[in-house]
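Below you'll find the structure, written out as structure tokens, and then a few comments.
First the proteins, then the strands, lettered A, B, ... as listed; each starts at 1.
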Amino acid sequence: MDKERIARELIGIVGSDGVATDPGELRVYETDGLTIFKAMPDIVVLPRSAEQVAGVVKVCHRERIPFVARGAGTGLSGGALPVDGGILIGLNRMNRVLDIDYENQRAVVEPGLVNVWLTNALAPRGYYYSPDPASQTACSIGGNVAENSGGPRTPKYGVTTNHVLGLEVVLPDGDIVNFGGRTLDPLGYDLTGIFVGSEGTFGIATKVIVRIMRTPEAVKTLMGVFETIEDASNTVSEIVGQGIVPAAIEMMDNNSIQAVEKGVAAGYPLDAVAVLLVEVDGPKEEVEALVGPIIEVCKANHVREVRVAKDENERLLLWKGRKAAFAAMGQISPEYYVQDSVIPRTKLPPVMKLIGELSQKYGLRVANVFHAGDGNLHPLILYNSANEGELRKAEEMGAEIVKACVEMGGSLTGEHGIGLEKRDFMPLMFNDDDLEAMRKIKKVFDPDGLLNPGKIFPAAMRGGEVGPAGQREALDKVLRRA
Amino acid sequence: MSDLVGADHIVAGPGAARYVVDSKLARAVVFPGSVEEVSTTMAFASAEGLKVVPRGSGTKMALGGIPDRVDLVVVLSRLNGVVDYEPADMTATFRAGSLLKEAQAVLGRNGQFIGLDPPYADLATLGGILATNSSGPRRLRYGASRDLVIAIRVVHADGKVTKGGAKVVKNVTGYDMNKLYIGSLGTLGIIVEATFRLHPMPAVERTCLASLDSVDAARDVVARILDSPLVPFAVELLNPEASRRVAEQAGLPWPKARCGLAVAIGSIRPEAVDAQLETVRRLCREAGAAEGHVLDGQVHDAFWRATRDFALGDGLQVVLKASVLLTKVADAVRVGEEVAAKQGLRLGVVSEAGSGIIRYHLTGEAASDERFRQGVAEAVNRLRAFAQEAEGNVVVLDAPPEVKSRVDVWGLAEKALPFMRRPKAEFDPQRILNPGRFVGGI
């Protein structure tokens with residue numbers, strides 16, 4: 001592209017403080033939360049309104065310049081990785097809460113709004129926004145829409161798609177359209193529904209209409225300490241089997257506990273094989289009625305110690321440990337590579353056993369932190385890229401875990417997305433016809449293929465190779481061996 | 001066609017009359033017995049340019065515009081039963097022709113269920129419920145089809161079979177194709193299988209049923225319930241006509257000309273239910289409502305069945321569904337009463353006050369009567385104008401063709417249409433599936 005001419009035109013749209021071309025400034029945007037991939041855009045643009053986004057997109061469309069939208073850049077699958085030589089549109093300046101309508105249980109926000117800011121704004125009136133990814137103090141709602149983000153509270157309250165009712169979207173040709181709204185059951189195809197989770201490949205959401213909910217009257221968090229993963233897993237199944245729907249059920253293994261305790265001292269016993277956090281919420285009487293049966297289930301499954309957080313401070317500390325788990329890995333390893341596969345909950349014990357075996361085989365430690373309530377694993381493979389070949393080994397081990405999870409009836413990713421990272425894994429789950437149906441809907445939104453190219457679809461459907469090939473090599477190796 | 005599905009599974013001529021779609025008779029009615037047979041049927045239809053109307057039990061065949069043409073009706077009733085079900089994972093996959101009632105019976109043995117309770121829930125098939133996005137009172141707690149379906153299998157217009165989603169409760173692998181097919185009235189593909197996330201059946205369910213002078217009196221109490229920490233699974237507001245009929249069917253005495261407000265609570269523990277119901281009763285008392293009955297056991301179930309399957313009894317009727325902001329529900333009921341009175345129509349209104357979904361049931365003279373048709377058209381226009389002000393919409397759910405021919409049954413705004421046509425153009429460019437029945441004549 002004619003960088004100077006394009007930059008001048010973009011400055012005309014967003015002002016000189018909203019366009020960056022200096023390599024030093026661009027470096028901030030060369031990667032997202034998955035730092036093993038890097039790419040340099042030619043220009044970064046920071047619009048302040050839907051009209052500015054549309055203006056920028058129109059330039060990209062006219063000039064046939066590939067472009068990528070980015071929220072806070074916390075994504076873990078390379079979804080916001082820019083295109084080398086393309087344009088990156090950063091949305092963090094569009095971070096306002098536009099409207100809160102308590103009576104209708106809706107809020108309208110801009111995409112760059114940090115997830116937890118919305119709940120902070122709602123809290124004084126006793127309301128909150130439910131999806132709470134671990135990165136909620138940094139990640140943006142627009143990014144959550146792109147990735148259909150989850151978080152610990154999904155067993156009871158669902159993921160982002162269950163809470164987004166409408167969108168204002170700038171399409172890849174620069175048109176501004178509205179999908180859905182503040183009421184349920186909008187007419188026609190559920191375009192809001194298909195847009196959520198499209199990983200920034202359909203359009204740029206410039207307004208998001210979300211459901212807000214009444215803060216539960218009571219919350220109780222229990223910590224169970226277990227001697228085996230199996231006991232902890234059985235506890236999860238039996239709690240649910242009793243008809244209890246906890247807001248969250250999280251599990252951490254010993255490596256995670258070690259890291260977390262060094263990092264934030266959440267009070268998890270250092271010698272525990274597994275710690276289970278179970279949270280129930282709702283009306284006071286309901287919550288009180290549930291605590292007893294949960295403790296009984298823990299005891300029936302040989303819990304070593306079960307503790308109910310006695311006050312809000314203790315409850316928050318227990319959660320702080322869980323939410324800081326990824327960050328705390330630095331305490332025990334220079335780097336980690338995390339997978340995000342989902343398995344049917346009943347497959348937890350065999351999959352955990354397999355991960356243990358793979359850890360031995362590859363000589364890499366694994367810390368497991370996961371959403372046990374919905375079978376969403378997060379094995380953190382610990383490695384040090386200073387050691388020759390260790391990153392490749394971590395990728396290969398990750399590929400083995402993913403493949404095993406899919407074979408057990410699971411899914412490649414529960415909340416982190418396919419992005420660049422797992423695009424070549426897609427054929428493990430979907431055949432050519434399945435993928436062709438997905439390509440058709442991509443074409444509905446982006447017939448020219450300019451927006452976030454090279455993501456989601458496997459090599460055969462991308463035409464031309466874009467970006468790094470490490471994941472595919474790892475998968476190829478695993479598949480060849482199988 | 002006989003070669004494809006077997007001669008026993010095709011009906012043509014007079015036998016096809018009961019499968020008529022808006023008085024259009026199909027050239028043949030086909031009953032495929034497997035996904036493969038649905039696929040070969042569609043491949044054949046595509047190659048021959050035959051227009052196809054998919055059908056389950058037929059409880060919602062009146063929904064949608066009058067089809068451009070009907071060559072084949074593809075009935076999915078033979079495609080039924082469980083594909084897989086693991087109680088401990090709380091997920092289950094069914095073939096699309098399964099009755100919801102049968103699915104619930106299978107799941108109920110393990111104390112689980114699909115959180116859907118749409119109208120005619122005893123007759124409706126899962127495929128039909130998903131294709132029409134049909135929902136009922138429990139939606140407040142459990143969500144709608146879009147929230148409960150985690151994987152789907154679809155036969156496309158050209159016969160290709162594809163899947164979307166995964167059989168796990170949390171998944172973001174690829175695009176969320178489930179959303180595309182749910183509510184698309186079979187215009188993008190025929191749903192042949194669906195996997196649901198399940199919920200545990202609450203051990204105890206009870207309902208507080210209060211009577212009120214008017215819908216306006218309900219406005220405040222509904223707002224207070226929704227703004228409280230209570231977690232009802234349904235909050236239903238019924239106009240006097242609907243209250244009287246539902247009470248009668250459930251065997252409850254009911255005072256004349258009173259609106260009904262039903263608030264339902266479920267839990268695994270009775271004490272948790274009763275504590276919440278006590279709060280509901282207090283809020284109702286404070287709003288000037290008569291002391292509410294607490295419904296339990298069989299009466300409770302009978303009340304909710306009658307509400308869910310509400311109908312005005314014999315004769316032709318028209319059913320409209322409105323979706324409005326929660327703060328506009330009471331007004332929407334009142335506007336319905338006003339327009340019905342003006343047009344001389346009898347009106348039963350059942351509204352999900354916590355979701356903003358309202359069902360208007362209208363009857364009057366016979367459908368051949370010009371005045372009835374005129375009155376219904378007026379009512380649709382008036383209610384649609386109101387609903388659009390309330391950021392929502394009005395859809396004609398059920399009406400005879402003579403009524404449908406004079407109103408837009410969907411009412412999608414002109415400016416939303418061009419983009420709405422794009423998925424259809426990609427997925428069914430020949431317009432084989434349900435042509436003319438969806439929004440904007442898609």
Side-chain angles (χ1 to χ4, degrees), chain A residues 103-105 147-148 150 154 158-159 161-162 177 181-190 193-194 196-198 214 216-217 237 240-241 243-245 282-283 285-286 289 342-346 374-376 409-415 417-418 426 429-430 433-434 437-438 440-441 443-444 456, chain B residues 86 88-91 111 133 143 146-147 160-164 166-177 179-180 182-184 199-201 203 223 227 229-231 267-269 271-272 275-276 323-327 355-357 391-393 410-412 416 419-420 422-423 426-427 439:
Chain A
E103 286 184 304
N104 286 304
Q105 302 173 355
E147 301 297 326
N148 190 13
T154 62
V159 294
T161 193
N162 307 112
V177 291
R182 290 201 291 168
T183 51
L184 301 180
D185 296 350
L187 299 171
Y189 300 121
D190 183 2
I194 190 79
V196 175
S198 61
R214 188 71 160 76
E217 185 179 29
S237 287
V240 176
I244 298 170
V245 183
E285 299 81 5
E286 169 90 7
V342 191
I343 47 168
R345 205 167 34 225
T346 45
D374 43 33
N376 187 188
S411 153
L412 301 174
T413 168
E415 54 188 4
I418 296 296
M426 287 289 273
M429 260 178 82
F430 295 114
D433 288 344
D434 302 335
M438 290 188 196
K440 279 182 183 165
I441 195 70
K443 222 174 125 197
V444 163
I456 297 183
Chain B
E86 173 54 64
D89 288 330
M90 302 198 77
T91 60
N133 185 31
R146 76 193 295 283
D147 303 299
K160 282 213 171 93
V161 185
T162 71
K163 64 178 179 302
K167 295 178 177 183
V168 283
V169 294
K170 194 172 172 194
N171 164 49
V172 296
T173 306
Y175 300 135
D176 188 353
M177 302 302 280
K179 303 287 189 292
L180 194 62
I182 290 169
S184 69
H199 283 91
M201 261 184 321
D227 190 36
L230 298 168
V231 188
S267 171
I268 64 166
R269 292 295 170 105
E271 62 271 25
Q276 289 189 68
S323 174
V324 299
L325 293 170
L326 301 182
T327 45
S355 307
I357 305 286
E391 301 183 30
N393 59 65
W410 298 102
L412 179 70
F419 195 85
M420 218 37 104
R422 289 202 210 171
E426 280 295 326
F427 282 78
V439 293

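- Comparing A/Asp433, A/Asn104, A/Asn376 by heavy-atom pairs within less than 4.5 Å of chain B, the highest count is held by A/Asn104.
- If you measure heavy-atom distances from B/Asn393 to chain A, the contacts under 4.5 Å come from the side chain alone.
- No salt bridge links B/Arg269 with A/Glu286; every basic N to acidic carboxylate O contact stays at or beyond 4.0 Å.
- Under a 4.0 Å N-O distance rule, the pair A/Asp190/B/Lys179 does not qualify as a salt bridge.
- Closest approach of B/Met420 to B/Leu412, counting heavy atoms only: CG-CD2, 4.0 Å.
- For the pair A/Tyr189 and B/Pro423, the tightest heavy-atom approach, listed with the atom from each and the gap, is CD1-CG, 3.9 Å.
- Heavy atoms closer than 4.5 Å to chain A are found in both the backbone and the side chain of B/Met90.
- At a 4.5 Å heavy-atom cutoff, the contact between A/Met426 and chain B is made by side-chain atoms alone.
- Between B/Asp89 and B/Lys167 the shortest side-chain heavy-atom distance does not fall below 4.5 Å.
- Counting heavy-atom pairs closer than 4.5 Å to chain B, the top residue among A/Val177, A/Val196, A/Ile194, A/Val159 is A/Ile194.
- With respect to chain A, the highest number of heavy-atom pairs below 4.5 Å among B/Gly164, B/Ser355, B/Ala203, B/Ala223 belongs to B/Ser355.
- For chain A, the option among B/Leu180, B/Ile268, B/Asp227, B/Leu326 with the highest count of heavy-atom pairs below 4.5 Å is B/Asp227.
- Among the candidates B/Leu230, B/Thr91, B/Asp147, the residue making the largest number of heavy-atom pairs closer than 4.5 Å to chain A is B/Asp147.
- Between chain B and the options A/Asn148, A/Thr413, A/Ile441, A/Asp374, heavy-atom pairs under 4.5 Å are most frequent for A/Thr413.
- Judged as a side chain to side chain contact (heavy atoms under 4.5 Å, CB included), and not counting sequence neighbours, the contacts of A/Asp185 are B/Asn133, B/Arg139, B/Lys321, B/Ile357.
- Only the side chain of B/Glu86 comes within less than 4.5 Å of a heavy atom of chain A; its backbone N, CA, C and O stay farther away.
- Here the closest non-hydrogen pair linking A/Glu147 and A/Gly417 is OE1-CA, 3.6 Å.
- Of the listed residues (A/Ala289, A/Pro344, A/Gly158), the one with the most heavy-atom contacts under 4.5 Å to chain B is A/Pro344.
- Atom CD of B/Glu271 is surrounded by more than 12 heavy atoms from other residues, nucleotides or ligands within 6.0 Å.
- Interface residue B/Val439: only side-chain heavy atoms are found under 4.5 Å from chain A.
- The two residues A/Ser411 and A/Met429 have their closest heavy-atom pair at CA-SD, 3.6 Å.
- The candidate from B/Asp176, B/Thr327, B/Val169 with the greatest count of non-hydrogen atom pairs under 4.5 Å with chain A is B/Thr327.
- Of all heavy-atom pairs spanning B/Thr173 and A/Met438, the tightest one is O-CE, 4.5 Å.
- The two residues A/Pro283 and B/Val231 have their closest heavy-atom pair at CD-CG2, 3.6 Å.
- Your options are B/Gly183, B/Ala416, B/Ser267, B/Gly356, and the one with the most heavy-atom pairs under 4.5 Å with chain A is B/Ser267.
- Taking A/Thr154, A/Ile456, A/Leu184 one by one and counting their heavy-atom pairs under 4.5 Å with chain B, the maximum is reached by A/Leu184.
- Heavy-atom pairs under 4.5 Å with chain B were tallied for A/Thr346, A/Val240, A/Ile418, A/Ile244; the largest tally goes to A/Thr346.
- At a 4.5 Å heavy-atom cutoff, the contact between A/Arg214 and chain B is made by side-chain atoms alone.
- The parts of B/Ala88 that come within reach of chain A are both its backbone and its side chain, each placing non-hydrogen atoms under 4.5 angstrom from that chain.
- Evaluation of the ring pair (Phe, Tyr, Trp, His ring centres under 6.0 Å) rule for A/Phe430 yields no partner, not counting sequence neighbours.
- Per-residue counts of heavy-atom pairs under 4.5 Å with chain A were compared for B/Glu391, B/Lys163, B/Lys170; the largest is that of B/Lys170.
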